[in-house]
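Written below as structure tokens is the structure these notes are about.
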Amino acid sequence: MDSLPIDTIICLVCWPLWLLPFCASSASRLLPDKPLCASTTIISDDGTFALGFFSPSISGTKHYYLGIWYENIPKDNVVWVANRAMPITDPSSATLALTNGPNLALSDTTGQLLWMTNISTTGNSSPEAIGGEATLDNNGNFILRSSQGIILWQSFDYPTDTLLPGMNLRITHKTHALQRLISWRNPQDPSPGNFSYGADPDEFLQRFIWDGLRIYRRSPVWNKYLVFGSYIESIKSTIYFTLRHIDDEVYISFGLPTVSSTVLVKMDYSGKIKILMQNSNMSKWTDLQSEPNQECNKYGYCGPFGYCDNTQPIVTCKCLDGFEPNNKQDWVAGRFSQGCRRMETLRCGQEVGFLNLSTMKVPDKFLYVKNRSFDGCIAECTNNCSCMAYAYANMGTKVINGDETRCLLWMGDLIDTEKLSGQGENLYIRVNRLRDKKWSVHVLKITLPVVSSLLIIICVCLLWICNCGGKRRNKKIWKNLMSGTSSTVAELHDGNLKYPFISFREIELATNNFSHSNMLGHGGFGNVYRGILGDDEEIAVKRLSKGSGQGVLEFRNEVILIAKLQHKNLVRLLGFCIHGDEKLLVYEYLANKSLDAFIFNATRKSMLGWPIRFEIIKGVARGLLYLHQDSRLKIIHRDLKASNILLNAEMSPKISDFGMARIFGGNQQQGNTNRVVGTYGYMSPEYALEGAFSVKSDVYSFGVLLLEVVSGSKISSMHLKANFPNIIAYAWSLWMDGSTNDFVDSSIVGSCSLSETLRCIHIGLLCVQNSPNARPLMSSIVSFLDNGDISLPHPKQPIYYAEKNYETDGAGQDTVSYANNMSITVLEGR
Ligand SMILES: *[C@@H]1O[C@H](CO)[C@@H](O)[C@H](O)[C@H]1NC(C)=O
Ligand SMILES: *[C@@H]1O[C@H](CO)[C@@H](O)[C@H](O)[C@H]1NC(C)=O
Ligand SMILES: *[C@@H]1O[C@H](CO)[C@@H](O)[C@H](O)[C@H]1NC(C)=O
Ligand SMILES: *[C@@H]1O[C@H](CO)[C@@H](O)[C@H](O)[C@H]1NC(C)=O
Ligand SMILES: *[C@@H]1O[C@H](CO)[C@@H](O)[C@H](O)[C@H]1NC(C)=O
Ligand SMILES: *[C@@H]1O[C@H](CO)[C@@H](O)[C@H](O)[C@H]1NC(C)=O
């Protein structure tokens, strides 16, 4: 979009000589007898803006336009275009003249009129019709004045895609049309594009971005006549937006209260409305704010009664309180358009209450009730059974018709709601109240003393009974659990273990009878379901497949183990259940599922920027350190991999799946097993080949995980460019070439600190060293990650064992056979 004022040579060569005296020299005004031609520009007094001919074309046929641009900004500097849809093909022939009328007219020498101001004056004889002049102001406004000094026309009244400070965009209308910013078609073509921005034609209180005729994005509803944007550190100021009421019409405009800095609002060709600012050295625009900047921020994306939660690291749709997804399967799969439904039907009459949701962008399709107090607004909503929600604001000044109140009611579906971080307003949504307040107060006064003393007595008795019964029951379960004691678990049975037993019935209720729509996934040992325990505790239930002899051992192992572990980077076991041959484990539910669902997914990987990934790596390292040495036991996980790292709503990692973990006695350093379990690719060579495992086999798996997180590819990914058997070989090769930057996931290169990723690759290579002794302990790894100044040893070439044949047995488990005929069961992660 660089403006290229046409070279003087064109003018001299192509211009008929006799026309030359008529061309104005570069100046700050256009006069009737001095037309503007392609070689000259009009410059504002202080030199900030220029008006003239430019071409945004980089390739192909060059098209020229009459426009206004920032004179001292080299790139993306055009703020206004006259002949958007009528480009000039031969610049030597174009002139902008001040005609009698007076009018501004852009034409080429063939006489074709490309653009003109249509000022109708009452006949040519009127004094305004003669003379006049057009000037370019220091704020970028090109103004045509009559010889008497009356403003006849100004470019600020005809915005294109840019709003400059001081410019008004008309958003209510009596006599004039509404104004919109209309995007360029593309950066090289200023003709009107698909996107436009302006006020909702039904309600001036909100603005839309349209894509053609469809609403694409809705800005938050005005709740103050003067709204401040977020504070901008670099200019130590905030940008304000304001509603201005001028002669029966309402406009929006924006500006900076204190500093003068180059800022503008632009309807970008990409469909975003952007606030752009020049950085100090006038070479690049900084994007201060742009919307929509998430899929979730697009109009109605979360469906009716859903809302887009911007306060989470991963912005996504949720149902409003008291609502659940209309179609759970679609919702889980990320298709939100069907929205949510009420869990309980709404009662009408006295039993109404309102839930207060703060920092919201309130929904669309509201009814604007004028001149109401806050209580009056609540009454409006309470008294009408179709009212779903209300929101109230005092605009701070009498913006329109002398009324400063803003009472909004919603009579139907709540659509396009968002939860914002920081700004926003309170939205009150209608819910059933449990009990009539007057009644309850009255009754409570009389009965409270009697009932409460009775209750205390009953409670004491119940507690006593429950406690005894509970102890007996727990003891029995533990006895069952411990029968067939193996040496590893026997020493753990210290009799003090208390772990909540959850009944099978409760779990059936919580998971909707293990319904398919509640299924989160399935792993080697069975299925995992999502459920709600009690009122609102979200849980994940692992239901071990029946009759798998394998499962019993692992089950016992897992319950005992996790019961003893408490760390924020380990998944929390809430309880367990044994019912006939059913064995179930109940965990806390983690909203963002597993790490592999992000880093190996082409569309979701970009959601995990480098800072989040680095925190995940550090969290996993701390969780593993706790397992290895900080807990009372020494535990080897034996199956660390991306699908076993679960993420909560804040993207904090939790190590899960202790089914294969082994506990070591105090000074036991290494174990041996004749049943090698784990996942191919994550297993250290000594474990895969000899069945020998130690903390260092977990370190190996951690190294593989680390390389996967940095590169965003699976250990044995086929997407690797060159012919490398796995990412360890690839990482080593790039390490040797000194080009580790190529290893970093291309979707995070922008957000990442190359020194941190380099360090992670280095640590990853140390972890996958062939000799267990060459691999660092988790305690060292945690300090390597936390402290960038510790120097790291140099890694040797890792030996990756690539000779493998895959066989698949019926149960969907891959079996890998090695040269020494040892068979390794590889379990698919959940
Ligand atoms: C002037 O009027 C013509 C014909 O009605 C119209 O095509 C053109 O867009 C108008 N120009 C402006 C700047 O409004
Ligand atoms: C603009 O809309 C047209 C017609 O709907 C469509 O073909 C075109 O791809 C759109 N352009 C952009 C940049 O979205
Ligand atoms: C000015 O811009 C150049 C190129 O964009 C950049 O390298 C330089 O650091 C900038 N200087 C300042 C002071 O911002
Ligand atoms: C709703 O919540 C917000 C923030 O928690 C609070 O400021 C406001 O007073 C609440 N509204 C009512 C009516 O209680
Ligand atoms: C607003 O309502 C009050 C009574 O509730 C009335 O006295 C006043 O005139 C109204 N104002 C306007 C501008 O309608
Ligand atoms: C409730 O509001 C709707 C929509 O404004 C209106 O049509 C209806 O008459 C109202 N009902 C009552 C009882 O006020």
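Predicted, not measured: the structure shown is a model, and the values here were computed from it. First listed ligand is number 1; within each ligand, the first listed atom is number 1.
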_Side-chain donor/acceptor of R613 to backbone N/O of L608, under 3.5 Å_ = yes
*What protein heavy atom sits nearest atom 4 (C) of ligand 4, and how far away is it?*
S358 CB, 4.0 Å
*With respect to the side-chain SG atoms, do C387 and C381 come within less than 2.5 Å?*
yes
*Distance flag for atom 14 (O) of ligand 6, protein heavy atom under 4.0 Å*: yes
*Determine, for cysteines C377 and C407, whether their SG atoms are under 2.5 angstrom apart.*
yes
_Ring centers of F366, Y390 separated by less than 6.0 Å_ = no
*What residue and heavy atom of the protein are closest to atom 5 (O) of ligand 6, and at what distance?*
L367 CD2, 3.8 Å
_Against the six-membered ring of F323, is R342 placed for a cation-pi contact (under 6.0 Å from the centre, within 45° of the normal)?_
no
*Please identify which atoms of ligand 6 are closer than 4.0 Å to at least one heavy atom of M411.*
2 (O)
*SG-SG distance between C319 and C340 under 2.5 Å?*
yes
*asked:* Using a 4.0 Å cut-off to any heavy atom of N356, which atoms of ligand 4 qualify?
replied: 1 (C), 2 (O), 3 (C), 8 (C), 10 (C), 11 (N), 12 (C), 14 (O)
*Who's the nearest protein heavy-atom neighbour of atom 7 (O) of ligand 4, and how far?*
N426 ND2, 4.3 Å
_Under-4.0 Å heavy-atom contact between protein and atom 9 (O) of ligand 6_ = no
_Give me the nearest non-hydrogen protein atom to atom 11 (N) of ligand 6 as residue plus atom name, then the distance to 0.1 Å._
N384 ND2, 2.9 Å
